[in-house]
There are 2 protein chains.
Amino acid sequence: MDQQTVDEGIGSLATEDRGPIVRQTLHDAIVSRVRDMIIEGTLASGTRVHEGNLGRELGVSRTPLREALKFLASEGLIELSPGRGAVVREFTAKDIHDSLIVLAQLEALGARLACVNATDVQVREICDLHERMLDMYRTGERRAYFKLNQAIHSAILRSSGNDALVDVHGWLLPRLRRVRYLGHEGPENWAAAVAEHEVIIAAFKKRDAATLSRALSEHIEAGWHRMKGII
Amino acid sequence: MDQQTVDEGIGSLATEDRGPIVRQTLHDAIVSRVRDMIIEGTLASGTRVHEGNLGRELGVSRTPLREALKFLASEGLIELSPGRGAVVREFTAKDIHDSLIVLAQLEALGARLACVNATDVQVREICDLHERMLDMYRTGERRAYFKLNQAIHSAILRSSGNDALVDVHGWLLPRLRRVRYLGHEGPENWAAAVAEHEVIIAAFKKRDAATLSRALSEHIEAGWHRMKGII
DNA sequence: CAACTGCCTTCTGTATGCAGCATACTTGAT
DNA sequence: ATCAAGTATGCTGCATACAGAAGGCAGTTG
């Protein structure tokens, strides 16, 4: 492999989406890169992942790529068949719905815990995220909105103080990111999602566990109804 | 590496705990083997995992071992530090408790779904497992009891018909297996756990979602109280 | 005597090579 | 013409080799 390709590959990976100076191992870079490729559809569902080709494309050799694929396999984004390599997992509508049911349950639990355990600082930070998200909604920046949306949900979970819950949530989320991204297609859908977020934040501010928990569950279920036609 | 060691290693892995003729990749063998070593305490918490030594011990080269470690890292059983290798993750009492809270929530959800979706055959199979587990209790075979106990919980989850729930549960479980195993130390604790299982099975037979869901949560919480002194 | 620096050892991170297996294609037979 | 069998190609699975980094130890200096 020529050095040019290597540098290009590593360079593009290193500057992808992390901070600037943080030590970024090739492994992490490949994992997040391939994960993004799956989420964004560059690697479509059902695609056979060819170690040689993808490695050449990313500018890395097969070994670290294989390690990354094993990692992604344990997240369920990729399926490995012995002797036949890796394919991007296809998520059926039922898979998505099942995952959302679990997600709703997890976020509802997180909400209840967060109302008790979150610090005032955390509440305020989440409200700030919410305000910034509203800005993105007003200016129509879907991608930034999407990232802030995710950040809010994750931040509420984190403020629950239950690390295992955060881990499980983080594990389940990747397989839903693509579909949640699609969930805000269309202006009226987007408006509905924003309205639900208003309820959520209001309940969180008041530390009203019952309302927050219910609002989050309903928000996720509503998201399902918004997106299920698309899938 | 001499061939002797390789054969010995692969042989011991291949015959470890899977069925006889099922095609078993080295990767899966290593993953389950190392996982067992962690659960059984052969690899104690906080132990530095030395790729060379462990690979030599298992009779495999570093490459598949590294892939397995990456896999286990994404399960959270092992922590990887760039440039400094892998250490067996130490679970604090809080980690365990947090995980159990999540587990209880997941099993409660599974219970509710199972009461609706389980087939009569599945219900009967689970009752059979329960009967066999009681036999193991009476004859004092802790290891077999433990395996059947796990099998019952997993089977109820599976009968919910929610694959994502099964996946998440299966992902969370490994980090709790060691501690759940410890949870039945002492005869009166064991008796209490068995009594709780009686309630669970009775509710499941009647497809009483509310009772089953509550019984499972309480069973897990009771398990925590039984074990928390030990940790 | 303590602290710092430079070297050395050892381990991780990555690449490459080799062997076995799966699949596809080709050829021959019915 | 179709099906089956054999062969060939290319991919995966694993091992090993090499390079770079981290940590330890010793020697030297303040």
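Reminder, nothing fancy here: chain letters follow the sequence lines and each chain counts from 1.
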Participant: Please report the distance, rounded to the nearest Å, between CG in B:L80 and P in C:dT14.
Facilitator: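 Spelled out: CG on B:L80 to P on C:dT14 is 12 Å.
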Participant: Nearest-Å distance, NE2 (B:H27) to C1' (D:dA15)?
Facilitator: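 In whole Å, D:dA15 C1' lies 17 Å from B:H27 NE2.
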Participant: Expressed as a whole number of angstroms, how long is the span from A:E51:CD to D:dG13:P?
Facilitator: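 A:E51 atom CD is separated from D:dG13 atom P by 6 Å.
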Participant: Please report the distance, rounded to the nearest Å, between CG in B:L26 and P in C:dC21.
Facilitator: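 Atom-to-atom, B:L26 to C:dC21, this comes out as 14 Å.
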Participant: Rounded off to whole Å, could you give me the CZ-to-C1' distance for the A:R84 and D:dC11 pair?
Facilitator: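 In whole Å, D:dC11 C1' lies 13 Å from A:R84 CZ.
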Participant: Using the side-chain contact (heavy atoms from CB on, under 4.5 Å) rule, pick out the option among B:D95, B:I39, B:I220, B:I96 that qualifies with B:L176.
Facilitator: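 Running side-chain contact (heavy atoms from CB on, under 4.5 Å) over B:D95, B:I39, B:I220, B:I96 with B:L176 returns exactly one hit, B:I96.
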Participant: Separation of A:L54 atom CG from D:dC11 atom C1', in whole Å?
Facilitator: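 Atom-to-atom, A:L54 to D:dC11, this comes out as 14 Å.
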Participant: So which nucleotide from C:dT14, D:dT16, C:dA15 ends up closest to the side chain of A:E67?
Facilitator: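 So the side chain of A:E67 is nearest to C:dT14.
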Participant: State whether A:H50 places a side-chain N or O below 4.0 Å from either non-bridging phosphate oxygen (OP1 or OP2) of D:dC11.
Facilitator: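 Yes, such a contact exists.
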Participant: Rounded to the nearest Å, what distance is computed from the CZ atom of residue A:R66 to the C1' atom of nucleotide C:dT14?
Facilitator: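 That distance rounds to 14 Å.
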Participant: I would like to know whether A:E75 and A:R175 meet salt bridge (Lys or Arg N to Asp or Glu O under 4.0 Å); could you show each step before the answer?
Facilitator: CA-CA 8 Å; A:E75 283 186 344; A:R175 64 177 74 186; over 6 Å; no
Participant: Using atom CZ of B:R56 as one end and atom P of C:dT12 as the other, report the distance to the nearest whole Å.
Facilitator: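 After rounding, the reported distance stands at 11 Å.
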Participant: At 4.0 Å (heavy atoms only), tell me whether A:R62 reaches a base, stays on the sugar-phosphate, or touches nothing.
Facilitator: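 The residue A:R62 makes base contact.
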Participant: Can a side-chain donor-acceptor contact be found between A:H197 and A:N149 if the only test is distance below 3.5 angstrom?
Facilitator: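 Distance-only check passes for A:N149 and A:H197.
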Participant: Using heavy-atom distances to pick each residue's nearest nucleotide on DNA chain C, tell me which of B:T63 and B:R48 is more 5'.
Facilitator: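 Between the two, 5'-proximity favours B:R48.
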Participant: Show me the side-chain donor-acceptor pairs of residues 120-129 of chain B shorter than 3.5 Å, one per line, residues at least two apart or across chains.
Facilitator:
residue	atom	partner	partner atom	Å
B:D120	OD1	B:R207	NH2	2.9
B:Q122	OE1	B:T119	N	2.9
B:Q122	OE1	B:T119	OG1	3.4

